[in-house]
Amino acid sequence: FESDVYSIRARKYLLDNNKLKAVYTLPLKLFKQTGVRCVLYLIGNTDGNVKLVDLEKYINKDINFSTNDEKNYFLLQNCINEAEKNAVYVSQFDDKNYSLNVTKHMYKKEYSCKTEKLGVLLDNFYRGIQIPNSELQKNLDEIDGSKFILVTNSDIEDCCIDDSAKKIGKVDLKQQKFVVSHSEVLLLSKMGPKFKVGITDCSDGGKYLVSSNLYALEVNKDKLEPYYLLYFLNSEAGRELLKNNSAGTNIPTLNNDDIKNLDIPFPDKKVQKKLAEEMRLTVKKIHDAKRAYKKKIQDLDDTFNNLI
């Protein structure tokens, strides 16, 4: 089941009518020549509780799924028994997508500070422009001085937005609402498996046109430090949170509600500012290092071309 409307309706029917007994996550590469993630749904009448089992975590690496010998069945049964000892039972699925993401419900990290829903910490939040690339291509203009930068998921790496992202010569009225013209707006991938998070820097007067594979998160700075949020979402705990709250077995996807309902650790402002400042300096060092690397490569290319 994916995150499309038909899959949501199917999950809603099964859950509302107590027809889903259990959900098992299965290991990656279960079938040859594909890395598609598989999930097993056990359908039948229930008392309203759904058993969630993370079989992937307990599967034995020695099991060969391409053969049918008795040893494999024995190993597999032992793995299932061990996984079911740690199963959880859930009766409430309160998000609009009726998510059956096992890890989302099984592994909720506890923090020493209080948490807050990300949605209440944002001033504005929207998905980027949904327009065919062929139409955008008409406005692409690589001339120097162009202030509009088309930023896509591939332009974000190590918290930075690539300097070589395409420039756009003009933006029409319909596209204006997708333009970010101020700094410290976070850009978050819509789809995984690796969710990227970057942050804007408009100090040179540049403006970003956000593409449809990204969300723009404008933080309420009275409540939350943008660079603290950037740090957390790029941390191991943050990446795990994004993964566990995404929907879709083949391509993990974050929708609006998934993001707004993220439980973000919410320490006091002093702690936030300390982490934010360290993250700001780290991002600057990474960005400077990337620029220096590109310049060095260009210098080497120039030297090579002059010698050959």
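Start at 1 with the first residue, then count along the sequence.
The main-chain N or O of G238 is found under 3.5 Å from a side-chain atom of S235 such that the two form a donor-acceptor pair. Here the side chain of S212 pairs no donor or acceptor atom with the backbone of G128 at under 3.5 angstrom. A donor-acceptor pair under 3.5 Å is absent between the side-chain atoms of T46 and the main chain of K21, judged by distance alone. Between the T115 side chain and the P265 main chain, no donor and acceptor come within less than 3.5 Å of each other. Using a distance-only test at 3.5 Å, with no hydrogens or angles considered, a donor-acceptor pair links the side chain of D201 to the main chain of S203. Within the 3.5 Å criterion, the main-chain N or O of H182 finds a donor-acceptor partner in the side chain of T200. Using a distance-only test at 3.5 Å, with no hydrogens or angles considered, no donor-acceptor pair links the side chain of Y228 to the main chain of K274. Not one N or O on the side chain of D158 forms a donor-acceptor pair closer than 3.5 Å with the backbone of C160. S91 places no side-chain N or O within donor-acceptor distance of the main-chain N or O of N49, the cut-off being under 3.5 Å.
Atom CZ of R11 and atom CG of L15 lie 8.5 Å apart (nearest 0.5 Å). Atom CG of residue D257 and atom CG of residue N245 lie 11.5 Å apart, to the nearest 0.5 angstrom. With rounding to the nearest 0.5 Å, the separation of CG in N234 from CZ in F232 is 10.5 Å. Interatomic distance, L229 CG to F266 CZ, rounded to the nearest 0.5 Å: 11.0 Å. Annotation: the span from N261 atom CG to L118 atom CG amounts to 9.5 Å, rounded to 0.5 Å. Interatomic distance, CG of L214 versus CD1 of I161, reported as 8.5 Å (0.5 Å rounding).
For the pair V185 and L217, the minimum side-chain heavy-atom distance is 4.5 Å or more. Looking only at side-chain heavy atoms (C-beta outward), L122 and V219 come within less than 4.5 Å of each other. The shortest side-chain heavy-atom distance between K196 and E157 falls under the 4.5 Å cut-off. In this structure, C159 and L230 have side chains that are in contact, with non-hydrogen atoms separated by less than 4.5 Å. Side-chain contact between K207 and C202 is absent, with no heavy-atom pair separated by less than 4.5 Å. Side-chain atoms of L209 and F178, non-hydrogen and from C-beta on, do get closer than 4.5 Å to each other. At least one side-chain heavy atom of Q272 sits under 4.5 Å from a side-chain heavy atom of L224. In this structure, the side chains of V197 and L187 stay at 4.5 Å or more apart for every pair of heavy atoms.
In terms of heavy-atom proximity, V151 sits nearest to I156 at CG2-CG1, 4.4 Å. For the residue pair L150 and S211, the shortest heavy atom distance occurs at CD1-CB, 4.3 Å.
Salt-bridge annotation for E225 and K269: present, with a side-chain N of the basic residue lying under 4.0 Å from a carboxylate O of the acidic one. D162 has no carboxylate O lying under 4.0 Å from a charged side-chain N of K290, or vice versa, which leaves the two without a salt bridge.
Across K114, K117, E116, a single residue satisfies side-chain contact (heavy atoms from CB on, under 4.5 Å) together with D263, and that is K117.
Criterion: ILVMFWY side-chain heavy atoms under 4.5 Å apart, direct or through other members. Under it, M279 and L233 are part of a common hydrophobic cluster. Grouping the Ile, Leu, Val, Met, Phe, Trp and Tyr side chains by contacts below 4.5 angstrom, directly or via other members, places V50 with V88. Connection of L254 to I8 is not established within any shared hydrophobic cluster, with ILVMFWY side chains joined at heavy-atom distances below 4.5 Å, either directly or through further cluster members. Y89 and V23 end up in different hydrophobic clusters when Ile, Leu, Val, Met, Phe, Trp and Tyr side chains are linked at under 4.5 Å. Under a hydrophobic clustering in which Ile, Leu, Val, Met, Phe, Trp and Tyr are joined whenever their side-chain heavy atoms come within less than 4.5 Å, directly or via other members, L186 and L281 fall into different clusters.
Side chains of E84 and Y24: a donor on one and an acceptor on the other come within 3.5 Å. Judged by distance alone, the side chains of D155 and T152 do bring a donor and an acceptor atom under 3.5 Å apart.
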Point to revise | side chain to side chain contact (heavy atoms under 4.5 Å, CB included) evaluation trace for L14 with Y41 | key: CA-CA 10 Å; L14 291 173; Y41 295 92; 5.7 Å; no
Practice item. Using the side chain to side chain contact (heavy atoms under 4.5 Å, CB included) rule, take V210 and I129 through it: C-alpha gap first, then chi angles, then the decisive distance, then the call. Key: CA-CA 6 Å; V210 182; I129 186 169; over 6 Å; no
Point to revise | Check against side chain to side chain contact (heavy atoms under 4.5 Å, CB included), I259 and L188 | key: CA-CA 10 Å; I259 295 172; L188 168 64; 3.8 Å; yes
Exercise for review: Could you walk me through whether E184 and I199 pass side chain to side chain contact (heavy atoms under 4.5 Å, CB included), step by step?
Suggested key: CA-CA 6 Å; E184 299 189 349; I199 194 163; 4.3 Å; yes
Practice item. Evaluate the criterion side chain to side chain donor-acceptor pair (under 3.5 Å) for residue pair N78 and E82; output intermediate values, then yes/no. Key: CA-CA 6 Å; N78 283 344; E82 192 64 29; over 6 Å; no
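Between F125 and Y215, the gap from one ring centroid to the other is short of 6.0 Å.
Annotation for Y126: atom OH counts as buried by contact number, over 12 foreign heavy atoms lying within 6.0 Å. Around OH of Y111, the count of heavy atoms belonging to other residues, nucleotides or ligands within 6.0 Å exceeds 12. The number of heavy-atom neighbours closer than 6.0 Å to NZ of K273, taken from other residues, nucleotides and ligands shown, is 12 or below.
Residue pairs meeting the salt bridge (charged side-chain N to carboxylate O under 4.0 Å, His left out) criterion with at least one member in residues 299-308, sequence neighbours excluded, are K295-D299.
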